[in-house]
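These notes concern the structure reproduced below.
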Amino acid sequence: MAFQHCHRDPLPQPGLTPERLQARRQLYAACAVCFVFMAGEVVGGYLAHSLAIMTDAAHLLADVGSMMGSLFSLWLSTRPATRTMTFGWHRSETLGALASVVSLWMVTGILLYLAFIRLLHSDYHIEGGAMLLTASIAVCANLLMAFVLHQAGPPHSHGSRGAEYAPLEEGPGDPLPLGNTSVRAAFVHVLGDLLQSLGVLAASILIYFKPQYKVADPISTFLFSICALGSTAPTLRDVLRILMEGTPRSVGFEPVRDTLLSVPGVRATHELHLWALTLTYHVASAHLAIDSTADPEAVLAEASSRLYSRFGFSSCTLQVEQYRPEMAQCLRCREPPQA
């Protein structure tokens with residue numbers, strides 16, 4: 001069987017993959033909508049003297065900055081690999097998502113402080129009508145951005161090859177996670193803003209009809225800022241798992257090991273490593289100890305084919321070596337313990 005383990009597919013075309021082109025279009029559209037409505041909220045919040053509206057505008061400002069950072073990271077990820085950056089720049093997408101989460105934390109911290117100050121002092125006035133109108137527009141804006149950023153449909157491409165991954169065999173575990181990391185982080189931002197906008201809208205309705213309850217303005221800022229912080233937890237978990245070189249959530253260590261051991265001629269595996277550069281770019285490397293009668297090239301071809309087809313790895317590096325009995329007692333050949 002003709003097969004080259006490190007050149008399984010044709011040379012990928014330069015530029016963004018279809019998945020990332022879609023992500024860039026989504027981010028451009030959402031960023032434009034976000035900027036327009038952010039400017040409107042700044043004006044409306046100033047006229048209404050509403051801290052809650054200004055809080056929403058500040059979150060939209062953080063969204064604009066994070067989306068621009070994500071667009072930059074998408075461009076950076078198209079740069080080719082070098083002798084220094086041997087994997088290329090794919091992980092810049094993950095760093096962009098981390099910057100997005102951190103920016104939201106910083107802005108929310110400032111606004112929580114301002115809300116606390118208003119709870120202590122009541123010498124402020126709120127224009128209920130302007131606040132209600134601005135809050136209603138903000139809800140519509142966040143719904144529009146969530147629609148633009150929502151990722152649904154067929155699975156996207158895996159790795160740098162740009163083709164959609166369709167498993168040739170039913171592999172163990174859950175389906176691979178969908179979506180570009182930067183778009184997902186922006187979507188989580190928008191969901192947090194939408195939740196806050198709904199709270200601000202409820203507070204504005206209350207203040208419009210009952211001006212004496214103006215304390216609802218800082219209270220809504222306080223409560224829904226905390227909710228926005230909590231909404232970043234899934235993205236932060238995935239980003240930290242990637243940066244810590246953790247095994248991808250959709251790929252289990254045992255299924256990959258068992259797949260390699262099921263290849264005819266393979267007696268044992270060791271030095272099995274699974275990690276990811278992004279949510280959809282998974283990498284594997286391992287040593288295969290084979291029988292003396294096995295054909296190394298055939299084992300290599302079959303093992304690589306099974307890993308690509310069952311798990312959708314973007315890159316696999318396998319080393320084939322002769323099995324020796326002393327490997328069973330070798331400390332370095334033992335499997336890592338459960339986390």
Side-chain angles (χ1 to χ4, degrees), residues 3 5-6 8 86-88 90-91 93-94 97-98 155-161 165-179 181 184 233-291 294 296 298-339:
F3 187 94
H5 74 283
C6 58
R8 181 172 181 265
T86 55
F87 273 109
H90 297 283
R91 195 160 282 179
E93 174 189 324
T94 304
L98 179 61
H156 300 291
S157 61
H158 289 263
S160 60
R161 295 189 292 271
Y165 163 64
L168 301 181
E169 305 176 55
E170 288 295 325
D174 298 325
L176 293 176
L178 304 182
T181 317
R184 180 181 176 186
T235 299
L236 183 63
R237 177 195 61 200
D238 288 337
V239 165
L240 292 179
R241 193 182 187 100
I242 291 173
L243 295 180
M244 292 298 294
E245 306 285 358
T247 301
R249 285 193 297 119
S250 61
V251 180
F253 183 91
E254 290 81 6
V256 174
R257 176 203 61 198
D258 294 342
T259 296
L260 292 174
L261 290 175
S262 68
V263 175
V266 175
R267 292 282 301 276
T269 66
H270 59 97
E271 297 290 342
L272 175 58
H273 298 287
L274 310 173
W275 72 100
L277 297 182
T278 69
L279 279 179
T280 56
Y281 196 109
H282 300 167
V283 186
S285 68
H287 290 194
L288 305 181
I290 64 174
D291 291 323
V299 169
L300 180 61
E302 180 63 20
S304 299
S305 178
R306 293 189 184 190
L307 291 184
Y308 281 120
S309 64
R310 294 186 181 182
F311 302 100
F313 284 109
S314 299
S315 176
C316 296
T317 303
L318 302 177
Q319 176 177 314
V320 179
E321 57 195 25
Q322 293 293 326
Y323 177 79
R324 296 189 300 274
E326 55 266 26
M327 288 181 175
Q329 284 75 40
C330 178
L331 294 178
R332 297 188 61 181
C333 293
R334 292 182 179 177
E335 293 183 0
Q338 291 285 348

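All residue numbers refer to positions in the sequence shown, counting from 1.
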Report yes if the side chains of [X] and [Y] come closer than 4.5 Å at any heavy-atom pair, otherwise no.
X	Y	answer
Ser304	Phe313	no
Val263	Leu288	no
Phe311	Thr259	yes
Ser250	His282	yes
Leu277	Thr94	no
Leu243	Leu98	yes
Arg249	Arg237	yes
Glu321	His270	yes

As an exercise, state the distance from OG1 of Thr269 to CD1 of Ile290, rounded to the nearest 0.5 Å.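 It is 13.5 Å, given to the nearest 0.5 Å.
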
CD of Glu245 to CG of Leu274: how many Å apart, nearest 0.5 Å?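 That separation rounds to 11.5 Å.
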
Expected output: side-chain [X] to main-chain [Y] donor-acceptor under 3.5 Å:
X	Y	value
Arg310	Pro255	no
Arg91	Ala276	yes
Ser305	Ala301	no

Identify, with sequence neighbours excluded, every residue that meets side-chain contact (heavy atoms from CB on, under 4.5 Å) alongside Arg267.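 Counting only residues at least two positions away or on another chain, Arg267 forms a side-chain contact (heavy atoms from CB on, under 4.5 Å) with Asp291, Tyr323.
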
